[in-house]
Protein chains: 2
Amino acid sequence: MKELTKQQSKVLACVEVYLNKTGFPPTRAEICKELGFKSPNAAEMHLRALEKKGYISIQSGSSRGISIVKSQQAFEKNVNQMPVIGLVAAGSPTLAEENIEKRIPCDPSMFSDSFDYFLKVKGLSMIDAGIHEDDLVAIKKTIDVKNGDLVVVRLEDEVTLKYFKKNNHNLELIPANKDFSTIEVDLREQEAFIEGKSVGLIRTH
Amino acid sequence: MKELTKQQSKVLACVEVYLNKTGFPPTRAEICKELGFKSPNAAEMHLRALEKKGYISIQSGSSRGISIVKSQQAFEKNVNQMPVIGLVAAGSPTLAEENIEKRIPCDPSMFSDSFDYFLKVKGLSMIDAGIHEDDLVAIKKTIDVKNGDLVVVRLEDEVTLKYFKKNNHNLELIPANKDFSTIEVDLREQEAFIEGKSVGLIRTH
DNA sequence: TTATATACTGTAAAAATATACAGTATAAAT
DNA sequence: ATTTATACTGTATATTTTTACAGTATATAA
């Protein structure tokens with residue numbers, strides 16, 4: 001998703017706030033009043049840019065015909081666009097905008113447990129669990145995981161999706177593929193960050 | 001809260017549906033078009049009544065200045081409830097109410113192609129394709145399938161999910177499990193009904 | 001029988017709104 | 001040095017939209 005300029009970001013925020021407050025989108029003139037512009041064309045141009053970049057859609061010819069496609073703020077109203085994050089080898093899978101590959105229209109309550117983002121699977125280490133490369137695993141951010149859960153763990157700079165098993169200070173991260181071996185971590189020697197656990201999976205055919 | 005008349009209720013529902021679909025409220029004329037009224041005043045009067053009874057508020061002088069104060073339906077925002085159908089051995093997987101096991105809040109556009117319902121997988125015949133028992137396969141109702149597509153086919157009274165391969169009148173339904181054998185159908189002798197094809201899959205962990 | 005409320009049609013005008021066009025200014029890139 | 005992108009002002013107009021007014025029809029209540 002293309003980056004927004006400072007002013008475009010302001011205009012998008014203005015639309016979102018207005019929508020939240022009144023229940024309907026603002027007119028060009030109202031955006032101008034809110035942001036101190038003196039010409040409706042200022043708002044118009046920013047809206048066009050936002051549409052081009054995919055953040056809003058504009059119903060041409062309709063008054064107030066603006067709808068939010070992708071909210072920049074995490075408004076609870078637009079949670080039906082769930083972010084997809086690549087399972088990058090380095091660093092934590094943060095929800096920062098640059099890490100979001102795309103968004104998928106669905107509800108965080110679609111699985112039995114709610115989730116926060118999708119993680120795109122790399123590699124074949126979980127193939128015997130029916131988890132293929134490029135599958136999207138729904139991750140709930142939590143550190144409350146039990147043995148047997150499918151978890152996202154970060155070791156140093158590497159993020160991995162494995163079955164979880166812990167006995168005292170001995171952590172095992174177990175793959176579902178006989179060609180891969182279990183990662184064993186002695187928690188007294190190395191830190192392991194539990195990013196979350198999988199509550200579901202989706203795949204596009 | 002005062003009761004609504006039948007027509008007022010229709011108008012309120014119309015506003016809610018429009019809002020859900022487009023992200024902004026309808027004009028008087030659009031309500032008329034939607035409900036078959038021939039005068040904008042019909043919509044106007046109903047809106048005034050709805051405001052008086054406290055269901056909506058109207059920003060006077062503003063176009064589309066309607067906001068919902070009290071929703072009559074418990075709309076789940078923009079989220080559709082997609083039906084889940086069991087892969088029953090007998091008969092076509094119809095969307096009749098009695099065949100719907102449950103509904104899942106998600107969007108029909110969440111996969112690259114739209115879909116109509118989820119089919120709950122029975123058996124292990126597609127396990128090497130990473131499709132497990134009780135996985136939900138998203139099915140698009142279509143007869144436009146190509147060789148290699150994952151399709152839902154009905155043979156006599158049996159519904160099956162397999163890979164599709166057709167040469168002239170020779171249809172092969174290929175499983176993804178070496179313990180199962182390909183179903184071969186001579187279309188001159190036996191009918192095969194293509195119910196649809198899979199566009200995606202979801203699984204709850 | 002006469003109100004009264006609901007449920008509209010049809011028309012029209014005033015106001016709101018989108019949107020095109022012609023400019024200006026500034027900073028960064030080529 | 002010139003182009004390009006961002007970020008506006010200012011004006012004008014066609015279109016959209018609200019909203020008032022004048023009616024018609026029907027069912028229900030007083």
Chemist: Show me the donor-acceptor pairs, under 3.5 Å and distance only, between side chains in residues 161-168 of chain B and residues at least two apart or in other chains.
Modeler:
{"residue": "Lys162(B)", "atom": "NZ", "partner": "Ser125(B)", "partner atom": "OG", "Å": "3.2"}
{"residue": "Lys162(B)", "atom": "NZ", "partner": "Thr160(B)", "partner atom": "OG1", "Å": "2.7"}

Chemist: Is it true that Lys140(A) and Asp113(A) make a salt bridge, defined as a side-chain N closer than 4.0 Å to a carboxylate O?
Modeler: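 Between Asp113(A) and Lys140(A) there is a salt bridge, with a charged N closer than 4.0 Å to a carboxylate O.
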Chemist: Please report the C-alpha distance between Tyr18(B) and Glu34(B) in whole Å, then the side-chain angles of each, then the deciding distance to 0.1 Å, and finally whether the side-chain hydrogen bond (donor to acceptor under 3.5 Å, both in side chains) criterion is met.
Modeler: CA-CA 9 Å; Tyr18(B) 191 102; Glu34(B) 206 70 35; over 6 Å; no
Chemist: Which protein N or O atoms sit under 3.5 Å from an N or O of nucleotides 28-30 of chain C?
Modeler:
none

Chemist: Considering only nitrogen or oxygen atoms on both sides, find all protein atoms under 3.5 Å from nucleotides 18-20 of chain C and state each distance.
Modeler:
{"residue": "dA18(C)", "atom": "OP1", "partner": "Arg28(A)", "partner atom": "NH1", "Å": "3.3"}
{"residue": "dA18(C)", "atom": "OP1", "partner": "Arg64(A)", "partner atom": "N", "Å": "2.7"}
{"residue": "dA18(C)", "atom": "OP2", "partner": "Arg28(A)", "partner atom": "N", "Å": "3.1"}
{"residue": "dT19(C)", "atom": "OP1", "partner": "Ser60(A)", "partner atom": "OG", "Å": "3.3"}
{"residue": "dT19(C)", "atom": "OP1", "partner": "Gly61(A)", "partner atom": "N", "Å": "2.6"}
{"residue": "dT19(C)", "atom": "OP2", "partner": "Arg28(A)", "partner atom": "NH2", "Å": "3.1"}
{"residue": "dA20(C)", "atom": "OP2", "partner": "Arg48(A)", "partner atom": "NH2", "Å": "3.1"}

Chemist: Cut-off 3.5 Å, no hydrogens considered: what does the side-chain donor-acceptor table look like for residues 35-43 of chain B, sequence neighbours left out?
Modeler:
{"residue": "Ser39(B)", "atom": "OG", "partner": "Asn41(B)", "partner atom": "N", "Å": "3.1"}

Chemist: Find which nucleotide of DNA chain C each of Glu30(A) and Met45(A) is nearest to by heavy atoms, and output the residue with the more 5' nucleotide.
Modeler: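 By nearest-heavy-atom nucleotide position, the 5'-most residue is Glu30(A).
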Chemist: Quick one: list whatever passes side chain to side chain contact (heavy atoms under 4.5 Å, CB included) with Ser67(A), sequence neighbours left out.
Modeler: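 Scan of Ser67(A) (side chain to side chain contact (heavy atoms under 4.5 Å, CB included), adjacent residues dropped) gives Ser57(A).
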Chemist: Does Arg48(A) pair with Glu44(A) as a salt bridge, N-O distance under 4.0 Å?
Modeler: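 Salt bridge: yes.
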Chemist: Hey, where on DNA chain D does chain B first and last touch, going 5' to 3'? Cut-off is any atom under 4.0 Å from a heavy atom.
Modeler: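 The contacted stretch runs from dT17(D) to dA22(D).
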Chemist: State whether Arg203(B) and Asp134(B) are salt-bridged, where the test is any N-O pair (Lys NZ or Arg NE/NH1/NH2 against Asp/Glu carboxylate O) under 4.0 Å.
Modeler: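 No.
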Chemist: Which heavy-atom pair separates Val137(B) from Ser198(B) by the least distance, and what is that distance?
Modeler: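 Looking at all heavy atoms of both residues, the closest pair is CG1-OG, 3.1 Å.
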